[in-house]
Structures are given as structure tokens and as C-alpha cells.
2 protein chains.
Amino acid sequence: MNPTGSPFSIAEIGALIGDPARANILLALIGGEALTAGELAWCARVTAQTASGHLAKLTEAGLLTVKAQGRHRYFRLASPLVAQMLENMQVVASLQLPPRHRPRTRIDEALQQGRTCYDHLAGRLGVALADALVARGHVVLAEDAGAATESGAELLRRFGIEPNPRGTRRCFCKPCLDWSERRPHLAGALGAGLLKRCLDLGWIERVRDTRAVRVTDKGWDGLGEAFGIGPDALQPKREAA
Amino acid sequence: MNPTGSPFSIAEIGALIGDPARANILLALIGGEALTAGELAWCARVTAQTASGHLAKLTEAGLLTVKAQGRHRYFRLASPLVAQMLENMQVVASLQLPPRHRPRTRIDEALQQGRTCYDHLAGRLGVALADALVARGHVVLAEDAGAATESGAELLRRFGIEPNPRGTRRCFCKPCLDWSERRPHLAGALGAGLLKRCLDLGWIERVRDTRAVRVTDKGWDGLGEAFGIGPDALQPKREAA
DNA sequence: CTGAGACTTCGGCCCTGGCCGTAGCATCGG
DNA sequence: CCGATGCTACGGCCAGGGCCGAAGTCTCAG
């Protein structure tokens with residue numbers, strides 16, 4: 001709702017898109033990824049303060065949604081309809097798409113492959129683990145929660161994680177948006193348990209002085225057997241065309 | 001071309017639509033009719049001088065075309081693409097409403113039942129027509145194109161529409177998202193042909209001074225026989241849970 | 001030819017809104 | 001507990017642009 005309390009009008013939507021900084025922000029998000037406020041400020045070539053104001057307006061108008069994660073706030077388009085509208089406007093503008101600039105900052109390759117995120121795994125390793133558990137039907141993920149299926153409970157118990165913890169209020173499983181991969185990995189008690197067991201088993205080890213983790217040779221054997229994950233899981237993904 | 005000589009950007013298009021007076025002008029033209037500068041000034045509730053400036057900008061940007069006739073200048077949307085973009089923006093603008101308040105927006109009931117969208121039918125009537133043709137296997141719709149089947153070609157030819165037009169590059173059939181119904185109706189040459197034939201046959205008639213259309217008694221007979229559509233097609237649909 | 005009507009151009013007023021510097025709050029790592 | 005980082009709130013500056021009155025151009029009617 002806008003200040004008047006009336007529904008948004010086409011003119012208000014147009015005015016929002018009409019500012020170059022905001023247009024750049026929207027275009028940066030048209031791929032569907034979630035980006036942080038800082039990255040979007042960089043994309044729009046304005047300072048963080050200025051971008052913050054723009055993002056508030058876009059979110060207020062319902063063009064963007066935001067999810068806070070730690071000290072980052074991840075913004076994404078609120079709906080595919082918004083993307084469709086933007087593409088439609090591009091058609092009318094007969095604009096050639098500017099070369100797709102990656103707003104990402106230089107991320108240490110080791111960190112991107114695998115790292116800890118508080119108490120659980122992140123990076124391509126964390127995402128691959130989440131993907132594997134979901135793909136094999138061991139875990140189901142919703143918007144902001146998740147659960148182990150029957151087969152998943154069985155697997156986890158064998159692996160050394162109690163799938164139905166009692167006496168704890170901690171959320172068992174929660175999807176956590178991975179900041180380098182922009183896809184969910186597993187947080188909550190499940191994520192913590194997986195990290196702990198992998199460390200205990202010597203499957204992965206911390207890299208000195210960083211949050212990065214490295215998979216050991218023994219670890220690849222174990223991860224392959226238990227979850228079907230191989231070293232290729234750590235290769236950078238191809239960009240879709 | 002804008003002053004810089006570069007192609008128009010999405011932000012420039014947005015800024016044009018972002019002014020309430022210009023938005024009113026565009027919306028007044030979305031029905032496909034040509035209106036004079038004076039009429040558009042009245043629609044936008046600004047003086048003739050102000051409207052003149054707006055119309056110059058919109059024309060310069062390629063959103064409108066103008067044709068001088070005597071001492072009048074007639075403006076119309078430059079292309080169905082512009083109409084589609086505007087409808088798309090209305091979809092997004094109406095998305096912002098909180099779910100349960102949405103249907104209560106004051107959309108004129110007549111407009112919601114049936115209206116023209118540039119050169120084709122929209123509203124519940126337009127959607128019902130699209131639904132009927134698809135349900136009976138006369139038309140197949142894809143993401144952004146559509147085609148008549150063999151039975152559809154037969155039906156359309158009998159109805160007075162050439163299903164395989166030659167010598168024209170216009171897209172024959174395209175789904176166009178209906179902003180009040182949130183479901184596709186038929187645009188392209190097929191949509192234009194259906195509207196024209198329905199008007200010519202006296203099945204529907206325009207309501208004075210609006211984009212709304214009304215189905216005549218004769219029209220219900222014809223629509224029922226040709227496409228299996230009855231007056232209940234115009235009843236508001238129940239909200240799905 | 002003259003006057004009326006439709007539209008545009010010009011000039012000046014004014015205000016909205018984008019921008020950044022500074023400062024403040026929350027979170028994370030050590 | 002401390003410093004660094006990510007983000008937001010506030011205040012002031014300033015330009016862009018919307019608006020209208022006055023005046024000019026073109027067309028039509030008589």
C-alpha cells in the first residue's frame with residue numbers, strides 16, 4: 001500500500017521503474033537470483049544509503065521480496081509476473097541487454113567450494129548435500145522449514161543423527177540461502193549434525209584461519225557411499241544461456 | 001531516439017509511464033481508439049498546453065503515433081505491444097493488493113465482464129472465448145504463441161477468419177494475460193479477427209465512451225452455437241482457496 | 001478577409017525526489 | 001568485549017521536470 005492507502009496504480013509502478021538506479025536494480029534481479037543490498041547498490045552505481053531507500057520503495061510496492069539472513073538482506077523479484085513485465089518493457093524499449101555483469105565480489109575459490117556457515121555446511125558442498133538429500137527423497141524443503149522423510153530418518157539414524165530430537169526447541173531443518181551459490185543449503189539441527197558428524201568422521205577438515213573446509217580422501221568415499229556426492233559437485237556450475 | 005541518440009532504456013519507458021497525466025493518456029488509449037489531443041488533455045485532467053508536451057514525449061519515444069486531420073491531431077497507441085505492456089503493468093500493480101482485498105477494487109463490473117484490449121477482446125468474455133477454443137481443441141496455446149488446430153481452422157474459416165494468413169508478418173495467435181482475470185485471452189490476428197467479426201455480426205457492441213463491450217441477444221445465440229459460450233461465462237468466478 | 005477553435009511553443013514558478021555525508025543499529029569473527 | 005562489516009535513518013543540497021499563462025501557427029467557417 002502506498003501512503004494514500006489506495007491500490008498501486010500503473011503510474012506508480014512506472015515511476016518506480018523510471019528511476020535509472022531502480023531500473024538497474026530490477027534488471028540485476030531479472031535472472032531470479034537473490035542479491036544482497038550491497039551488491040544491488042553496486043549494480044545501480046549508487047551508495048548503500050541511496051540503494052537502501054530504493055530497495056525499501058520497491059519492496060513496499062511489492063515488486064521485491066526481502067529475506068534477512070545474518071547481516072545480509074537478500075532481495076529478489078516478488079514474482080515471475082514482475083520479470084515478465086520487465087521483459088515486456090524491454091521489448092517496447094527495444095533495448096539490447098547490457099552484457100551480463102556479475103555483481104559478485106571476488107570470492108576465494110576455497111570458500112566457494114565449501115565452508116562453514118555458523119554451525120553447518122555451505123558453499124557448493126553444502127548445496128550439493130542439500131540437493132542430494134532432496135533429490136533422493138530423504139528430505140523435503142518448504143519455504144522456511146523442512147523435514148526428513150521416512151527413508152531420510154532411517155539414513156540419518158544410521159549416519160549418527162537423531163532425526164526426531166526431543167526436548168529441544170531448535171528447528172530440526174531449515175533451508176538457508178547460500179550466499180555464493182544463491183541456492184538453499186541445510187541449516188538447523190540437521191545441518192549442524194551433518195557438519196559435526198562429517199568432522200568427527202574425518203570426512204572434512206577445516207582449513208587453518210578460514211571458514212573454508214576441505215573434503216578428505218576418506219571423505220569422498222564416505223560422501224559418495226552415504227549421499228552419492230562426488231568431487232564434481234565442487235566444480236563451478238555452468239551459467240545458463 | 002532520445003537526446004543521447006541511444007536506444008530507449010527500460011528506465012526511460014518507466015519514467016514516461018510514471019507521470020500520472022501520461023499514464024492517464026495511455027490508459028485512455030488502451031482500447032485501441034484514436035483520440036484527439038484535446039480529448040486526451042481532458043482525460044488526463046491537465047490543460048491543453050501540458051498535454052501537448054506529454055503527447056510529444058510519448059510520440060517521440062514511440063509509444064504513440066499521431067495523424068493530423070484538419071485541425072485535430074489523432075493519437076493512438078503505436079502497437080499492440082504497447083497495450084500488452086500496459087496490461088502487464090496493471091497485472092503487477094494489482095498484485096500489490098493484499099490477497100483478500102483484491103477483488104474489492106472498484107473495477108467497473110462492465111469492464112470486468114468484457115472489454116476491448118487494443119484490437120481484441122479481454123475480460124471474462126475474452127477469457128471465456130479463449131478457454132472455449134482451447135477446451136474444444138480448436139486452438140493450442142504455448143507460453144508466448146498459439147495456433148489453430150485442423151478443427152479450429154475449419155471453424156474459423158466458417159466464422160469468417162482466415163486461419164492461415166499469407167503476406168502478413170503479424171503473429172496469428174498470441175496469449176495475452178488478462179489483468180482482471182489473471183488468465184490468458186487471445187491476441188494477435190486471431191484475437192483481432194474475432195473482435196471484428198463479433199462487432200460486424202452485431203454479436204457485441206461497444207459501450208459509449210468506455211472500452212467495455214456488451215453482448216447482444218443475437219450475440220448470445222451466435223456465441224452459444226459457434227463456441228458454446230453462454231451468459232454464465234460472465235459471472236464472477238469464485239476465488240480458489 | 002476575419003474571427004473562432006485546435007494545437008504548440010516559450011518562459012517562469014515551484015516542488016518533488018534523487019543523491020550523499022554523517023550517524024546509528026545489528027551481526028559476525030576473533 | 002572489540003573492531004569490522006552490512007545495512008538503515010536523517011538532514012540538507014540541488015536539478016530535473018511538471019504545470020500553467022501568454023502568445024504564436026494552422027485550419028476551418030462564413
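The chains referred to below are lettered A, B, ... by the order of the sequence lines, with proteins before strands, and numbering in each begins at 1. A quick note: this is a predicted structure, and the numbers were derived from the prediction, not measured.
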With sugar-phosphate taken as primed atoms, P, OP1 and OP2 and all else as base, the protein-contact string of nucleotides 21-27 of chain D at under 4.0 Å (heavy atoms; B, S, -) is BB----B
Would you give me the side-chain donor-acceptor pairs under 3.5 Å for residues 217-231 of chain A, sequence neighbours excluded?
{"from": "A/K218", "atom 1": "NZ", "to": "A/L201", "atom 2": "O", "distance (Å)": "3.2"}

Kindly indicate, with the supporting measurements, whether the criterion side-chain contact (heavy atoms from CB on, under 4.5 Å) is fulfilled by B/R73 and B/T36.
-> CA-CA 5 Å; B/R73 297 184 76 207; B/T36 69; over 6 Å; no
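- The salt bridge (Lys or Arg N to Asp or Glu O under 4.0 Å) pairs that include a residue from residues 129-141 of chain A are A/D131-A/R183, where partners are two or more places apart or lie in different chains.
- Counting heavy atoms from C-beta outward, A/L35 and A/L29 have side chains that approach closer than 4.5 Å.
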Sort me out a list of protein N/O and nucleotides 14-18 of chain D N/O pairs below 3.5 Å, or just none if empty.
{"from": "D/dG18", "atom 1": "OP1", "to": "B/R22", "atom 2": "NH1", "distance (Å)": "3.3"}
{"from": "D/dG18", "atom 1": "OP1", "to": "B/R22", "atom 2": "NH2", "distance (Å)": "3.0"}
{"from": "D/dG18", "atom 1": "OP2", "to": "B/K57", "atom 2": "NZ", "distance (Å)": "2.5"}

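- Legend: residues meeting side-chain hydrogen bond (donor to acceptor under 3.5 Å, both in side chains) with B/H72, ordered by chain and number and at least two apart, are absent.
- When the P atom of C/dA4 is taken as reference, atom NE2 of B/H72 falls 18 Å away, rounded to whole Å.
- To the nearest angstrom, P of C/dG17 lies 16 Å from CD1 of A/I17.
- By the salt bridge (charged side-chain N to carboxylate O under 4.0 Å, His left out) test, B/D200 pairs with B/K196, sequence neighbours left out.
- In this structure, A/L194 CG and A/I204 CD1 are separated by 9.5 Å, a value rounded to the nearest 0.5 Å.
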Could you list the donor-acceptor pairs under 3.5 angstrom formed between side-chain atoms of residues 17-26 of chain B and any protein atom two or more places apart in sequence or on another chain?
{"from": "B/D19", "atom 1": "OD2", "to": "B/A21", "atom 2": "N", "distance (Å)": "3.0"}
{"from": "B/D19", "atom 1": "OD2", "to": "B/R22", "atom 2": "N", "distance (Å)": "3.2"}
{"from": "B/R22", "atom 1": "NE", "to": "B/L16", "atom 2": "O", "distance (Å)": "2.7"}
{"from": "B/R22", "atom 1": "NH1", "to": "B/H54", "atom 2": "ND1", "distance (Å)": "3.2"}
{"from": "B/R22", "atom 1": "NH2", "to": "B/A15", "atom 2": "O", "distance (Å)": "3.2"}
{"from": "B/N24", "atom 1": "ND2", "to": "B/P20", "atom 2": "O", "distance (Å)": "3.3"}

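- Residues satisfying the side chain to side chain contact (heavy atoms under 4.5 Å, CB included) criterion with B/A34, sequence neighbours excluded, are B/Y74, B/R76.
- With sequence neighbours excluded, the residues satisfying salt bridge (charged side-chain N to carboxylate O under 4.0 Å, His left out) with B/R214 are B/E205.
- Here the P atom of nucleotide D/dG6 and the CG atom of A/L35 are 15 Å apart, to the nearest Å.
- Closest approach of B/A78 to B/G62, counting heavy atoms only: CB-O, 3.2 Å.
- Taking atom OH of residue B/Y74 and atom P of nucleotide C/dC7, one finds them 9 Å apart after rounding to whole Å.
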Tabulate protein N/O versus nucleotide N/O from nucleotides 12-16 of chain C, keeping only pairs under 3.5 Å, one per line.
none

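- Rounded to whole Å, atom C1' of D/dT5 lies 14 Å from atom CD of A/E39.
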Please output the side-chain donor-acceptor pairs of residues 186-193 of chain A that fall under 3.5 Å, not counting sequence neighbours, one pair per line with the distance.
none

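- Axis angle, first five pairs versus last five pairs of the helix from C/dC1-D/dG30 to C/dG30-D/dC1: 30°, rounded to 10°.
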